[in-house]
Amino acid sequence: MNLPRVVVTGGLQLQIENHKGVVEYTPSKIRVATARGEVVVTGAKLSILTIHQQELAVSGRIDNVQLLQ
């Protein structure tokens, strides 16, 4: 179905499956394209731990996650 799947663990780690690439990457905001829009992660000391063709992992203090369509 190619839908995005977002899993947040303890407000410190986040995984996004079925992404289409990183749109914006700063220590306080990460925007990731998906087939349904953008996943916007805001917080502090954000960093991309791993990035693969279908999965992306983020760590840091995660304050907010939004899906913008």
Side-chain angles (χ1 to χ4, degrees):
M1 292 180 4
N2 202 26
L3 297 174
R5 178 178 178 199
V6 178
V7 177
V8 180
T9 306
L12 299 173
Q13 190 170 1
L14 174 136
Q15 290 180 313
I16 302 173
E17 295 178 8
N18 298 322
H19 71 90
K20 301 291 184 194
V22 177
V23 177
E24 180 181 357
Y25 177 37
T26 70
S28 60
K29 181 191 274 186
I30 298 176
R31 292 173 40 216
V32 180
T34 72
R36 294 287 183 146
E38 288 185 357
V39 174
V40 181
V41 181
T42 56
K45 297 183 181 177
L46 299 176
S47 64
I48 296 176
L49 291 176
T50 59
I51 185 166
H52 300 285
Q53 186 174 4
Q54 294 294 319
E55 184 177 304
L56 177 136
V58 173
S59 71
R61 190 188 79 218
I62 299 166
D63 294 331
N64 191 28
V65 180
Q66 290 181 293
L67 176 61
L68 303 178
Q69 297 181 341

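Keep in mind that what you see is a predicted model, and the values were worked out from it rather than measured.
Listed by chain and number, the residues in a side-chain hydrogen bond (donor to acceptor under 3.5 Å, both in side chains) with R5 amount to none (sequence neighbours excluded). Remark: Q13 engages no residue in a side-chain hydrogen bond (donor to acceptor under 3.5 Å, both in side chains) (not counting sequence neighbours). Residues meeting the side-chain hydrogen bond (donor to acceptor under 3.5 Å, both in side chains) test with S47, sequence neighbours left out: S59. Residues meeting the side-chain contact (heavy atoms from CB on, under 4.5 Å) test with S28, sequence neighbours left out: T26. Annotation: side-chain contact (heavy atoms from CB on, under 4.5 Å) contacts of V8 (sequence neighbours excluded): V6, L14, V65.
To the nearest 0.5 Å, atom CG of residue N64 and atom OG1 of residue T42 are 4.0 Å apart. Rounded to the nearest 0.5 Å, atoms CG (L56) and CD1 (I30) are 7.0 Å apart. A distance of 10.0 Å separates NE2 of H19 from CD of E17, quoted to the nearest 0.5 Å.
With contacts defined as side-chain heavy-atom distances shorter than 4.5 Å, the pair K20/N2 qualifies. Side-chain contact between I62 and V41 is present, with heavy atoms from C-beta onward closer than 4.5 Å.
Within a 6.0 Å sphere centred on CD of Q54, other residues, nucleotides and ligands contribute more than 12 heavy atoms.
Listed by first and then second residue, the salt bridge (Lys or Arg N to Asp or Glu O under 4.0 Å) pairs that reach into residues 33-43 are R31-E38, sequence neighbours excluded. Residues in residues 42-62 take part in these salt bridge (Lys or Arg N to Asp or Glu O under 4.0 Å) pairs, two or more places apart or across chains: R61-D63.
Residues I16 and V40 do not share a hydrophobic cluster, defined by chaining ILVMFWY side chains whose heavy atoms lie under 4.5 Å apart. Note on V23: it does not cluster hydrophobically with L46, by side-chain heavy-atom contacts below 4.5 Å among ILVMFWY residues.
Summarising the hydrophobic clusters (Ile, Leu, Val, Met, Phe, Trp, Tyr; side-chain heavy atoms under 4.5 Å, direct or chained), the residues clustered with L12 are none. The hydrophobic cluster of L49 has no other members, since no ILVMFWY side-chain heavy atom comes under 4.5 Å of it.
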